[in-house]
Amino acid sequence: MELLVALIIGVLVATGVYLCLRARTFSVVLGLTLLGYGVNVFLFSMGGLKINQVAVVGASADPSDPLPQALVLTAIVIGFAMTAFLVVLALRGQGEMKSDHVDGGSDGEDG
């Protein structure tokens, strides 16, 4: 189980970094979102992977840690707000520069 979660985190982060290095704004926004998902899964796995355990202290003999769950919930809200802001920023940049390149260039432009 831990190997599967580690592979998922690695794929999410690697794909996110690859997309962040692209020249298109949509790829950068998607890459930042995937990086956020990778960090969320990493934070969630830091609490320990326990199956059929409650996160309420005192309700079980060996409860799971509720702190990583609270951190991930907060990170999801912040990530959603950041993604919405980046989409609006990308749309405005595309409208003003008439291009969706990060640097404002076009495909046929040299230098």
Side-chain angles (χ1 to χ4, degrees):
M1 182 73 173
E2 288 85 6
L3 180 63
L4 178 64
V5 172
L7 285 173
I8 290 171
I9 292 170
V11 167
L12 284 172
V13 170
T15 307
V17 167
Y18 174 76
L19 287 174
C20 281
L21 296 175
R22 305 286 294 172
R24 303 281 184 182
T25 55
F26 180 73
S27 299
V28 172
V29 171
L30 192 61
L32 287 173
T33 304
L34 286 177
L35 274 173
Y37 289 157
V39 169
N40 287 344
V41 174
F42 177 71
L43 285 175
F44 193 69
S45 66
M46 287 297 99
L49 301 173
K50 297 180 182 177
I51 298 175
N52 295 330
Q53 293 293 330
V54 295
V56 179
V57 178
S60 168
D62 187 25
S64 61
D65 189 12
L67 182 62
Q69 296 175 13
L71 288 174
V72 168
L73 184 62
T74 305
I76 288 171
V77 173
I78 293 170
F80 179 72
M82 183 189 70
T83 303
F85 175 72
L86 286 176
V87 166
V88 170
L89 191 65
L91 288 174
R92 171 123 188 218
Q94 183 179 2
E96 288 186 5
M97 294 186 294
K98 306 291 189 261
S99 173
D100 65 342
H101 274 260
V102 175
D103 60 355
S106 65
D107 287 332
E109 186 178 355
D110 292 331

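Atom set for the values below is all heavy atoms of this structure, side chains included, hydrogens, waters and symmetry mates excluded.
Residue V13 is grouped with residue F42 when hydrophobic side chains (ILVMFWY) are merged at heavy-atom distances under 4.5 angstrom, including chains of intermediate members. Residue L19 is grouped with residue V41 when hydrophobic side chains (ILVMFWY) are merged at heavy-atom distances under 4.5 angstrom, including chains of intermediate members. Connection of F80 to F44 is not established within any shared hydrophobic cluster, with ILVMFWY side chains joined at heavy-atom distances below 4.5 Å, either directly or through further cluster members. Cluster membership for Y37 and L43, using ILVMFWY side-chain heavy atoms within less than 4.5 angstrom, is not shared. There is a path of hydrophobic side-chain contacts, each under 4.5 Å, that joins M1 to I9.
For residues 2-22, no pair satisfies salt bridge (charged side-chain N to carboxylate O under 4.0 Å, His left out), with sequence neighbours left out. Within the structure, the salt bridge (charged side-chain N to carboxylate O under 4.0 Å, His left out) test picks out no pair touching residues 69-91 (sequence neighbours left out). Pairs of residues two or more places apart, or lying in two chains, never qualify as salt bridge (charged side-chain N to carboxylate O under 4.0 Å, His left out) while including a residue from residues 75-87.
For L35 against C20, the heavy-atom pair with the smallest separation is CD1-SG, 3.9 Å.
In this view, I76 and N40, V72 satisfy the side-chain contact (heavy atoms from CB on, under 4.5 Å) rule, not counting sequence neighbours. Residues meeting the side-chain contact (heavy atoms from CB on, under 4.5 Å) test with L91, sequence neighbours left out: V87, Q94. Residues forming a side-chain contact (heavy atoms from CB on, under 4.5 Å) with V11 (at least two apart in sequence, or on another chain): T15. Under the rule for a side-chain contact (heavy atoms from CB on, under 4.5 Å), the partners of I8 that lie at least two apart in sequence or sit in another chain are L4, L12. Under the salt bridge (Lys or Arg N to Asp or Glu O under 4.0 Å) criterion, E96 pairs with R92, sequence neighbours left out.
A distance of 7.5 Å separates CG in L86 from OG1 in T33, rounded to the nearest 0.5 Å.
Other members of the hydrophobic cluster containing L7, listed by chain and number, are L3; membership follows side-chain contacts under 4.5 Å among ILVMFWY residues, whether direct or relayed.
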